[in-house]
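First comes the structure, then the notes that go with it.
Values in this document were obtained by computation on a predicted structure and should not be read as measured data. The analysis underlying the following values was restricted to heavy atoms, covering all of them including side chains, and did not include hydrogens, waters or symmetry mates.
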Amino acid sequence: QILQIYEDRQKRVWFVAFNGELSYYFDGKIYNSGNDKTLRLLKFNAVVVSIYHDSANRLWCGTNKNMLFMFDGKILTKFSSKDRASQFFFTYVNEDATGRIWTYSQTSVRSFMKGKFSRSGQTPVTPISNKALVSQEGNSILYIDKDGLYNKKGTTVKLVTKITDLPLNSDIGVFYAQDKDIWVSHKKGVY
C-alpha cells in the first residue's frame with residue numbers, strides 16, 4: 001500500500017509504502033531496495049509519514065516514532081529526543097529561503113544548524129494530523145488546524161481561510177491546495 005507520493009528536486013517520484021519501504025520512479029524505471037543499493041540503507045523500523053528533499057541534496061524522512069532520518073547520499077543519520085515535550089513523532093521537514101532546515105511537530109519547532117537541532121521559540125504548528133500539512137513554493141507551508149487553513153512563512157502565520165463545513169479531525173487522508181481551491185480526502189469522501 002502506497003501512503004504518499006512525493007516528487008523531489010531531481011524529478012524523482014518517491015513512493016512511501018505502508019511497510020516502511022521507500023522506492024522511486026525515475027526516467028521510466030522503478031527503483032527499490034532490490035535494484036538500488038542506496039535504498040537498502042533507507043529501511044526504517046517505522047512508518048514514514050513525511051519525506052523532504054532539500055537544496056543540499058539531502059533526503060529527510062519523518063516517521064510515526066520518535067525518529068527523524070537524514071540521508072546525504074552516503075550516510076544515514078538518525079535524530080531522536082529523550083525530552084518527552086519535544087520528540088520527533090510525526091515530524092514534518094521544510095526549508096526556509098536561506099537554506100535552513102526546520103522541523104515541525106505538534107509539540108515543537110526546531111531548526112537544524114551545524115549538524116544538530118535546536119528548539120525554536122516559535123509556536124508549534126498544530127495541524128489536525130500529519131497529513132494536513134504540505135510544502136509550498138517560496139519555502140512556506142500550508143496546514144489545516146481545527147479553525148481552518150493556515151500559511152506559515154518564516155515566523156509569520158496567516159489564516160488563509162476558515163473551514164466550516166469539513167469534519168475536521170484526524171481522519172484526513174490527503175490534502176491539496178492551489179490558489180483558492182482546497183481538496184481534502186476523508187473517510188466520508190472528498191471535499
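In the hydrophobic clustering of this structure, Leu3 does not group with Val184; members are Ile, Leu, Val, Met, Phe, Trp, Tyr whose side-chain heavy atoms approach within less than 4.5 Å, directly or through other members. One hydrophobic cluster, built from ILVMFWY side chains closer than 4.5 Å, holds both Met70 and Tyr6. No continuous path of hydrophobic side-chain contacts links Val49 to Tyr92 [ILVMFWY only; heavy atoms under 4.5 Å]. Side-chain heavy atoms closer than 4.5 Å link hydrophobic residues (I, L, V, M, F, W, Y) into clusters, and following such links, possibly through other members, connects Ile5 to Tyr25. Connection of Ile30 to Leu41 is not established within any shared hydrophobic cluster, with ILVMFWY side chains joined at heavy-atom distances below 4.5 Å, either directly or through further cluster members.
The side-chain contact (heavy atoms from CB on, under 4.5 Å) search around Tyr31 returns Tyr24, Phe26, Lys29, Asn35, Asp36, Leu39, not counting sequence neighbours. For Phe88, the side-chain contact (heavy atoms from CB on, under 4.5 Å) partners two or more places apart in sequence, or in a different chain, are Asn66, Leu68, Phe79, Ser81, Thr91, Thr103, Arg110, Phe117. Residues that satisfy the side-chain contact (heavy atoms from CB on, under 4.5 Å) test with Ser55, not counting sequence neighbours, are Arg9, Glu95. Every residue two or more places apart in sequence or in another chain that forms a ring pair (Phe, Tyr, Trp, His ring centres under 6.0 Å) with Tyr150 is listed here: Tyr143.
Residue Ile75 shares its hydrophobic cluster (ILVMFWY side chains chained together at separations under 4.5 Å) with no other residue.
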For residues 11-21, tabulate all N or O donor-acceptor pairs below 3.5 Å that involve a side-chain atom, not counting sequence neighbours.
residue	atom	partner	partner atom	Å
Arg12	NE	Asp8	OD2	2.6
Arg12	NE	Gln10	OE1	3.3
Arg12	NH1	Gln10	OE1	3.4
Arg12	NH2	Asp8	OD2	2.8
Arg12	NH2	Gln10	OE1	3.2
Trp14	NE1	Asp8	OD2	2.8
Asn19	OD1	Glu21	N	2.9
Glu21	OE1	Ser33	OG	3.2
Glu21	OE2	Lys43	NZ	3.3

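Going from atom CG of Asn94 over to atom CZ of Arg100 covers 13.5 Å, rounded to the nearest 0.5 Å. Atom-to-atom distance recorded for Leu159:CG and Asp145:CG is 8.0 Å, nearest 0.5 angstrom. In this structure, the separation between CG on Leu133 and NZ on Lys152 is 10.5 Å, given to the nearest 0.5 Å. In this structure, the separation between CG on Leu22 and OG1 on Thr38 is 12.0 Å, given to the nearest 0.5 Å.
Among residue pairs with one or both ends in residues 53-67, those qualifying as salt bridge (Lys or Arg N to Asp or Glu O under 4.0 Å) are Asp54-Arg58; sequence neighbours excluded. For the salt bridge (Lys or Arg N to Asp or Glu O under 4.0 Å) condition, the pairs that include at least one residue of residues 75-93, sequence neighbours left out, are Asp83-Arg119.
Checked against the 6.0 Å centroid criterion, the rings of Phe112 and Trp60 qualify as a close aromatic pair.
Contact check for Ile2 versus Gln4: no side-chain heavy atoms found under the 4.5 Å cut-off. Within the 4.5 Å cutoff, the side chain of Leu59 has heavy atoms near those of the Ile51 side chain. Side-chain contact between Ile141 and Asn151 is absent, with no heavy-atom pair separated by less than 4.5 Å. Counting heavy atoms from C-beta outward, Phe71 and Thr77 have side chains that stay 4.5 Å or more apart. With a 4.5 Å cut-off on side-chain heavy atoms, Val93 and Ile101 count as touching.
Contact record, Asn45 with Met67: O-CE, 4.0 Å, taken as the closest heavy-atom pair. What you find for Pro127 and Ala132 is that their closest heavy atoms are CB-O, 3.8 Å.
The aromatic rings of Phe44 and Phe69 lie parallel to each other, their planes meeting at an angle below 30°, with 60° marking the opposite boundary.
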